[in-house]
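What follows is a single structure, written as structure tokens, with notes after it.
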Amino acid sequence: MYNFEFEKPETVADAVAALAPEDAQALGGGQTLIPTLKQRLASPTTLVSLKGIAEMQGVCKGDDGSICIGGATNHATVAAEAGDYPALAETAAHIGDPAVRNRGTIGGSLANNDPSACYPAAALASGATIVTNSREIAADDYFQGMFTTALEDGEIVTEVRFPVPEKANYQKFVQPASRFALVGVFVAKYSDGVRVAITGASNDGVFRWAEAEAALTANFAPEALDGLSLSGDDMISDLHGTGAYRAHLCNVITKRAVTAAA
Amino acid sequence: MPKDGGIGASSKRREDVRFLTGVGNYTDDINIHGQAYVFFLRSDMAHGTINSVDTSAAAGMPGVVQIFTGADFEAVGSIPCGWQVTDKHGEVMQEPRHPVLAHGKVRHVGEPIAAVVAETLEQARDAAEAIELDISELPAVVDMKEALKDGAAKVHDDLNNNLCYDWGFVEENKAATDAAFEAAAHVTTLELVNNRLVANPMEPRVAVGEYARGTDEHTLYTTSQNPHVIRLLMGAFVLGIPEHKLRVVAPDVGGGFGTKIFHYQEEAFCTFAAKACNRPVKWTSSRSEAFVSDAHGRDHVTKIELALDGDNNFTALRTETYANMGAYLSTFAPSVPTWLHGTLMAGNYKTPLIYVNVKAVFTNTVPVDAYRGAGRPEATFQLERVVDKAARELGVDPVALRRQNFITEFPYATPVAVEYDTGDYHATMDKLESMIDRDGFAARRAESEKNGKLRGLGVNCYIEACGIAPSNLVGQLGARAGLYESATVRVNATGGLVVMTGSHSHGQGHETSFAQVVAEMIGIDENMVEIVHGDTSKVPMGMGTYGSRSLAVGGSAMVRATEKIINKAKKIASHLLEASEGDIELKDGAFSVAGTDKSVAWGDVTLAAYVPHNYPLEDIEPGLEETAFYDPSNFTYPSGAYACEVEVDPETGKVTIERFAAADDFGNIVNPMIVTGQVHGGLAQGIGQALLENCSYDENGQLLSASYMDYAMPRADDLPMFDVDHSCQTPCTHNPLGVKGCGEAGAIGSPPSVVNAVVDALQSAGKDVTHIDMPLSPDRVWAAMQ
Ligand SMILES: Cc1cc2nc3c(=O)[nH]c(=O)nc-3n(C[C@H](O)[C@H](O)[C@H](O)COP(=O)(O)OP(=O)(O)OC[C@H]3O[C@@H](n4cnc5c(N)ncnc54)[C@H](O)[C@@H]3O)c2cc1C
């Protein structure tokens, strides 16, 4: 780790100001950023902790019935308090281990957009709105490929709003070492259609499986996915599985999510 | 009735009190006034020519004490190899120089190139970043078979090629073995990989060097399984420090699994630099460094063939193995694929002819050496896999085929140079069969199938050679050390004992189990016995702990020393009781005269030894302290039978272990609870190898599994509840305790049963799968089914 300055503002406005210098960086739970710093792969001059900002903490219900989660809310809190959206609470309950869940935040996870992370699938399948200090971004516009999002430099995820579906489920088939998703599928059925988001599989990060969505909108049952397949060509191929294997898993795991949700 | 103390009691591990309450004293807990910190700049290239290492800018950085490069160690010895193998032509192995810091070339990712000693670790690291390296990358040698081809890049330019040795065993059996294959009714052939592993002890390696200018004495605190061996190797071969000026301390050590046996560059560096800088110098490995600098384990590529006659008797066995040495020869590396592997190829079977060929190969990877089981898991895996495959090919029950070929008479001289003293392989198999409800398997399989899963049952046996080892024998085989053990028993005036043992405990619970043995011999409370280990200034000599040798060899030395104590104490007692020595009996901590009610307590005798007022001074010296060295006359041969039941998800390839049973014969048992714990740990590591752990390099010699994000360690929820039994006991015939050793069994015996079970599951679904290389990760199992 290199030396850095540390700031812990109490309002979003102060955080935005603290993040203005080019080499300042936001710190959520530090579960991704701290290991990066320890390996000296990043060298921010100032870390701006978002954990002291009361308005970015906690889970509440919006006027339209959606679940609103403060950007600095940790996974354990979501697991415990997002009961109105059980599939979301369950997703949070299976991220990492207790230490990770009690430190890591939803804002950090979505800002990082790890191609194998769980929250991106939940947000994309739910058609969530990512609220920042300056705007609201639809999930469909937010995720832009591995570790890439619509966020500008210094922009802070202050809240994430999840419309609550009729039925939903997240299935994570874990990579045996990291226990991130080798393939994770979040399926959400809304009155106007089904959304399917897949994490872990693609070289382009989390994505929606349009064919599966259409089939499931017509018939929300695992059989609807029979015969559907994705190509493994653009999928991640590594020590833990080839692209073809991941493509195969996308179908299997989506079916399991539908079965569990139905 | 379970005993509540002494041999056979499940005494609670006394050392756990300090480990679990955070008051252990690990090497990293040692901080010496004035100490500086070293950071090693390590190669990120697998193979390259070092053109220059420019430290001029770094030397001026804040806090820097001194920077060292390979040039500073030119006059210093090579990190030595402790075993010289002679090849099948009678030539000794090729043995490269192993520098403390890379010089001329870098040969693996992680090899230290320069070392910065600074006031703080962060300053050392900052300065290391300012070192300018000019290294020209060379093609990396990674694949063993490619490495042996003509024209392959050479890891060591001054060697003939990348072949360390080509070993044939037993060379005289080769022609007869080949002839038996010609005559065989059936031959089963299997090609397999024994996957490379990273040991990953919970405590990373640490070294602290200290130098006392006033007395010219060096001290090295290090995470070692054998401090005396480090003292000898480093003092005599690397740094030229006589043993009386060098103290090596290995305090509490948080797991070793073999990887802390070896003498490493960092130890030599810290010892050297402490004098050069006249400051204590400390190095603590990060987890990332451990992946690229701790010796790795296994990494064999093998073709094994089993010949059977028309009645399914094994008639011959033939193997060809490529064993990866990595870039340099780690301390015991050459012995692992040879004497710890070839000698075990008979397994539990009376195969009359065996020929083993091993080609040891240099590659641009981290050195490979002993890891829990060391050679024996590799032998067991291939043998038990090929036997299982043969049973399937012949359509016979794999248990029956094994039983038919079991060795049943002991002692048994194998065709691979060892003599098993005792064993009862049917007994452990009977015990196993009574544990696993084989009859109920069909119903359990049907139940799994109802849930869309496949179920398989895999069984295997194992034999290992432990209690390493008779010194004269290993000397003939190329060991550059003796493999005895020593113990000093010091009895204090008030009757308490301090036992100084050359064995080293790094999780095994010696402080408890060794005390049980001595307490039992005298008939006193275990808490009167203290076990001291891990410090060359306290213990006379020690060859350390590995190869399941501690109780069999170290414990035997302790028994011998305690016998001497008892003999002397009897002399004193006979004087005090005015009886003849021959009539004195020791029981329950008191000496009595046979046939009378005259007796004297242990404490009165020990007091007399140190306050010799009424004492036979003309016959014996005062005091009560004895030392014994014990050199075993043979290896010990634990054996057992294991069974694994798995469920396979055919859609994803995921394997779940549903049941696991282990029936072991460890001979006599001192502490059943500790033995059970050792088996549990071994099983976890063996199952880790079978299902999860995969140390993998890419073609450029970059380690792909260089952190826990990619290297899967077994976790509690990957494992079932184990069913472990060690009631089958054929005591070792040649050591005083009749013990065989239990530390490695679980890791040796479990991988084949896991793979056998998965193959059984897949074949039950009609899949033509005869083998899958470990680890049986979901993607591999799924791919095998396609
Ligand atoms: C052992 C382990 C296991 C894990 N397992 C899983 C898993 O199974 N599934 C999974 O999804 N994840 C997993 N994670 C990742 C975990 O969920 C992290 O919490 C998450 O990826 C990052 O969140 P954080 O709050 O810790 O962010 P930090 O590490 O603090 O920051 C990450 C990045 O986000 C930026 N950032 C942080 N907060 C904000 C914000 N509010 N607005 C804008 N930018 C911000 C930072 O500047 C940084 O660039 C695991 C992590 C570990 C260490």
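Only a predicted model underlies this, so the values are computations on that prediction, with no experimental measurement involved.
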With rounding to the nearest 0.5 Å, note down the distance linking [atom1] in [X] to [atom2] in [Y].
X: B:Asp649; Y: A:Arg256; atom1: CG; atom2: CZ; answer: 4.0 Å
X: B:Ser288; Y: A:Lys38; atom1: OG; atom2: NZ; answer: 9.5 Å
X: B:Gln786; Y: A:His248; atom1: CD; atom2: NE2; answer: 6.5 Å

When only pairs under 4.5 Å are counted, which of B:Pro778, B:Ser705, B:Pro775 shares the most heavy-atom pairs with chain A?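 The residue among B:Pro778, B:Ser705, B:Pro775 with the greatest pair count is B:Pro778.
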
So, do A:His240 and B:Asp710 sit near enough that their side-chain heavy atoms are less than 4.5 Å apart?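 Counting from C-beta outward, A:His240 and B:Asp710 do come under 4.5 Å.
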
Taking all non-hydrogen atoms of both residues, which atom of [X] and which atom of [Y] are closest, and how far apart?
X: A:Tyr245; Y: B:Thr652; value: OH-O, 2.5 Å
X: A:Met1; Y: B:Arg125; value: N-NH1, 3.8 Å
X: A:Leu239; Y: B:Asp779; value: O-OD2, 3.8 Å

Region of [X] in contact with chain A, defined by heavy-atom distances below 4.5 Å:
X: B:Met713; value: neither
X: B:Leu692; value: side chain
X: B:Asp698; value: neither

Decide, yes or no, whether a salt bridge links B:Glu651 with A:Lys255 under the criterion of side-chain N to carboxylate O below 4.0 Å.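 Not counted as a salt bridge, because no side-chain N and carboxylate O are separated by less than 4.0 Å.
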
Salt-bridge contact B:Arg715-A:Asp97 (side-chain N to carboxylate O under 4.0 Å):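 The answer is no: the pair does not qualify as a salt bridge.
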
Check each atom of A:Leu249 against the heavy atoms of chain B and say whether the ones under 4.5 Å are side chain, backbone, both or neither.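 The side chain, not the backbone.
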
More than 12 heavy atoms from other groups under 6.0 Å of [atom1] on [X]:
X: A:Asp234; atom1: CG; answer: no
X: A:His94; atom1: NE2; answer: no
X: A:Glu5; atom1: CD; answer: no
X: B:Asn451; atom1: CG; answer: yes
X: A:Asp226; atom1: CG; answer: yes

